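Keep in mind that the numbers below use all heavy atoms, side chains included, and drop hydrogens, waters and symmetry copies. Here the structure is a predicted model, which is why all the values come from computation and not from measurement. Below, chain A is the first sequence line, B the second, and so on; all start at residue 1.
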Amino acid sequence: MCAESTPATPETESMPNNFIHEMIIQDLAPGGRCAGQAVHTRFPPEPNGYLHIGHAKAIVIDFGTAEKFGGLCNLRMDDTNPSREDVEYVESIQEDIRWLGYDWGDRFFYASDYFPQTYEYACRLIKKGLAYVCELTPDQIRETRGTLTTPATPSPFRDRPAEESLDLFRRMKDGEFPDGSMTLRAKIDLNSGNFNMRDPVLYRILRANHHHTVAAWCIYPMYDFAHPIEDALEGITHSLCSLEFEDHRPLYDWVIEHIDAPAKPRQIEFARLGINHTVMSKRKLRLLVETGRVSGWDDPRMPTLCGLRRRGYTPASIRSFIERIGVSKVNSTVDYGFLEHCLREDLNANAPRIMGVLEPVRLILDNYPAGQSEQFEIENNPEQPETGTRTVSFSRELWIDAGDFQEQPAKGYFRLYPGNEVRLKTAYIIRCTGCIRDAEGRILEIHADYDPASRGGNAADGRKIKGTIHWVDAQTAIDAEVRLYDNLFDIEDPDAADCNYLDHLNPDSLVTMTGCKMEASVRGLTAPAAFQFLRHGYFCLDAIDSKPDALVFNRSVSLKDSYRGKA
RNA sequence: UGGGGUGUAGCCAAGUGGUAAGGCACGGGACUUUGACUCCCGCACUCGUAGGUUCAAAUCCUGCCACCCCAGCCA
């Protein structure tokens with residue numbers, strides 16, 4: 001069960017032009033680099049982990065850009081390094097992208113399916129004298145690569161005859177040499193200030209079980225060689241990626257040029273997404289999972305798409321968030337609060353409401369006939385009257401939230417306190433007459449009288465009632481557990497270089513409340529299922545932990561700061 | 001020290017020589033059968049910085065400063 005509260009249709013029409021769009025518009029203009037062509041992009045994750053909100057930015061940009069220009073976006077597993085990849089990830093990646101609302105049609109590819117062509121292109125480079133088989137060890141390659149200010153020294157194998165390299169390369173593929181003993185290297189520019197151009201490795205020998213090709217290959221192309229080829233073979237016109245690949249663009253272009261590629265894709269880089277109070281790197285997220293600091297990749301505190309989904313985030317809210325933060329080349333960190341804002345906005349408009357109390361206290365209406373019961377029709381969503389109403393039962397004994405009563409009211413408090421009137425939402429106006437405490441001073445029950453003439457919540461004499469509170473009929477209430485989630489880290493920037501993020505896990509990131517009470521109509525609800533109550537978080541049914549007799553709710557967004565600290 | 005990038009409000013972000021959009025956050029007010037939502041109002045005499053060109057500069061030129069990325073047989 002997934003919490004989808006809104007149709008998953010990307011609204012890229014509303015997406016304002018960003019610098020990538022401007023570049024594409026120029027490419028498309030008459031005489032431009034790809035005048036007359038259809039825009040074609042791709043989202044190329046390596047299947048070595050779960051997708052997170054940072055990937056959502058790339059997904060929205062890749063799919064959204066293609067859609068904006070009436071083109072297509074492929075989904076491609078960039079699986080050129082078998083050692084860390086797994087089918088578990090290729091499946092979760094597809095599920096999460098679908099959940100976000102994007103469709104790659106029949107254009108699902110594996111980079112590893114192109115290995116035969118990639119091999120042929122490598123042979124072509126060798127024949128042109130642009131690549132050679134090198135027998136230097138990894139250490140030797142590092143030592144001869146030079147430094148920031150000194151050029152690389154040539155490999156002793158750099159001028160090996162093409163025929164010899166071709167033969168060796170074939171034998172590398174045929175498994176004649178051990179892992180790591182040889183590489184295929186491009187012959188480019190040892191003096192370049194860009195390390196990527198100092199004879200980069202194109203192929204390495206690696207015996208590992210590949211999740212897709214199994215043991216068909218024992219040589220694997222490097223990203224820098226494989227990626228431009230993958231893009232060219234698929235007819236990609238614009239290869240969008242993150243900023244750290246800017247230095248790789250000259251090599252990308254070099255490959256495209258020298259293999260005589262069937263297409264000339266253009267790489268454009270944008271800044272990846274940073275959000276405060278969380279970490280985004282797969283390595284760090286993986287460690288949280290493996291050390292049990294969270295319950296899994298889908299722990300509702302995780303910034304993974306499956307975690308956000310379980311927390312109650314809607315696909316529309318995530319898409320809206322990405323579209324609204326914009327696209328630029330500035331390294332930026334967006335406030336987590338903005339993500340929450342986008343969720344609140346969607347939930348407020350589209351989520352069905354129920355009433356519930358987290359910390360139940362018994363409320364007894366002394367003048368309400370014992371044994372009597374009545375029904376109220378309550379709107380499911382005041383923002384959408386067309387979503388109808390539900391029936392909620394009411395009787396003499398109710399549950400209200402402890403926070404909605406103060407025996408000694410604080411200054412400005414306008415909910416229930418002795419002598420004060422408050423409205424039980426859509427039911428009656430009541431006046432508090434006092435409360436009973438046990439020996440330890442805990443409130444056992446609150447007493448009040450109801451105004452029979454106020455059925456529906458309006459006073460017959462027109463008097464104004466300032467406070468309105470939630471309530472649940474004690475006779476029909478359903479028990480539930482509620483989990484309050486907060487930021488995973490208690491500092492703004494757990495990624496800061498001078499801090500160990502594991503030392504800053506927020507100890508209050510998960511607070512579990514048991515014995516909570518929900519109105520009975522929650523039973524009939526399936527996904528989408530998000531609820532707002534208790535001034536004023538949004539909660540949603542946990543799709544994974546819920547059982548028929550033990551509902552579990554996750555709080556989707558924390559309370560607004562302006563409300564924190566108030567009674 | 002070499003190469004590649006980026007600097008507009010607390011956080012994102014428009015702006016492309018004609019006098020600083022918008023959103024989040026924040027503050028104030030109105031409304032309210034959720035202290036939510038919604039609605040108003042306020043929030044950069046200034047665009048990293050110092051000069052220069054111009055009638056006019058965030059936009060053009062020069063110098064300086066700050067920050068990010070790069071020396072994997074990772075992507």
Ring of A:Phe195, cation from A:Arg198 - is the NZ or CZ under 6.0 Å from the centre and inside 45° of the axis?
yes
How are the rings of A:Tyr223 and A:Phe245 set to each other: parallel, tilted or perpendicular (split at 30° and 60°)?
tilted
With sugar-phosphate meaning primed atoms plus P, OP1 and OP2, does A:Met222 contact a base, only sugar-phosphate, or nothing at under 4.0 Å between heavy atoms?
sugar-phosphate
Among B:C69, B:G2, B:A13, which nucleotide has an atom closest to any side-chain atom of A:Phe195?
B:G2
Considering only side-chain heavy atoms of A:Leu148, which listed nucleotide, B:C73, B:C12, B:C70, is closest?
B:C70
In whole angstrom, give the distance that lies between atom CG of A:Asn381 and atom P of B:A36.
17 Å
Take atom P in B:G17 and the same atom in B:G28, then report the distance between them in whole Å.
42 Å
RNA chain B: A:His227 or A:Ile465, which has the more 5' nearest nucleotide?
A:Ile465
Using a 3.5 Å limit on both distances, find every run of at least three consecutive Watson-Crick or G-U pairs that involves RNA chain B.
B:2-7 with B:65-70, B:10-12 with B:22-24, B:26-30 with B:38-42, B:48-52 with B:60-64
Below 6.0 angstrom between ring centroids: does that apply to A:Phe394 and A:Phe376?
yes
Classify A:Phe414 by what it touches in the nucleic acid, base, sugar-phosphate, or nothing, heavy-atom distance under 4.0 Å.
base
Mind checking A:Gly467 for me? I need base, sugar-phosphate or nothing, with any heavy atom below 4.0 Å counting as a touch.
nothing
Considering every strand and a 4.0 Å limit on heavy-atom distances, what is the contact class for A:Arg185: base, sugar-phosphate, or nothing?
nothing
Relative to each other, are the rings of A:His341 and A:Phe338 parallel, tilted or perpendicular (30° and 60° limits)?
parallel
Kindly say whether, by distance alone, the side chain of A:Arg415 makes a donor-acceptor pair under 3.5 Å with the base of B:G35?
yes
What nucleic acid atoms does A:Tyr220 come within less than 4.0 Å of, heavy atoms only: base, sugar-phosphate, or nothing?
nothing
Measure OH/A:Tyr417 against P/B:G35 and give the value in whole Å, please.
15 Å
What nucleotide among B:U6, B:C73, B:C37 has an atom nearest to a side-chain atom of A:Lys329?
B:U6
Starting from P on B:G23, measure out to CG on A:Asp335 and report it in whole angstrom.
16 Å
Listed nucleotide nearest any side-chain atom of A:Val201, set B:C73, B:G5, B:G3:
B:C73
Name the closest nucleotide to the A:Arg145 side chain, picking from B:A71, B:A75, B:C12.
B:A71
Show, in sequence, the C-alpha distance, side-chain angles and deciding distance for A:Arg415 and A:Gln406, and conclude whether the side chain to side chain contact (heavy atoms under 4.5 Å, CB included) test is met.
CA-CA 8 Å; A:Arg415 275 119 78 193; A:Gln406 289 186 0; over 6 Å; no
A:Glu383 CD - B:U38 C1' separation (whole Å)
8 Å
Residue A:His341, side-chain atoms from C-beta onward, closest of B:C70, B:A75, B:A25
B:A25
NA contact type, A:Ser83, heavy-atom cut-off 4.0 Å: base, sugar-phosphate, or nothing?
nothing
Rounded to the Å, how far apart are A:Asp224 CG and B:A71 C1'?
14 Å
Within-4.5 Å side-chain heavy-atom neighbours: A:Glu379 and A:Arg353:
no
Mind telling me whether B:G72 is syn or anti, cutoff 90° either side of 0?
syn
Contacts of A:Glu244 and A:Thr137 projected onto RNA chain B by closest heavy atom; the upstream (5') one is A:Glu244
side-chain contact (heavy atoms from CB on, under 4.5 Å) filter on A:Asp139, not counting sequence neighbours, yields A:Thr137, A:Arg142, A:Glu143
Choosing from B:C73, B:G3, B:G7, which nucleotide comes nearest the side chain of A:Thr183?
B:C73
Please work out whether the ring planes of A:Tyr110 and A:His211 are parallel, tilted or perpendicular, with thresholds of 30° and 60°.
tilted
Give one of base, sugar-phosphate or nothing for A:Tyr223, where a contact means two heavy atoms less than 4.0 Å apart.
base
Taking any heavy-atom pair under 4.0 Å as a contact, classify A:Thr333: base, sugar-phosphate, or nothing.
sugar-phosphate
From the set B:C73, B:C12, B:A75, return the single nucleotide nearest to any side-chain atom of A:Asn81.
B:A75
Polar pair under 3.5 Å, donor/acceptor by atom type, side chain A:Asp247, base B:G3:
yes
Could you tell me the separation between the CG atom of A:Asn458 and the CZ atom of A:Arg423, rounded to the nearest 0.5 Å?
6.5 Å
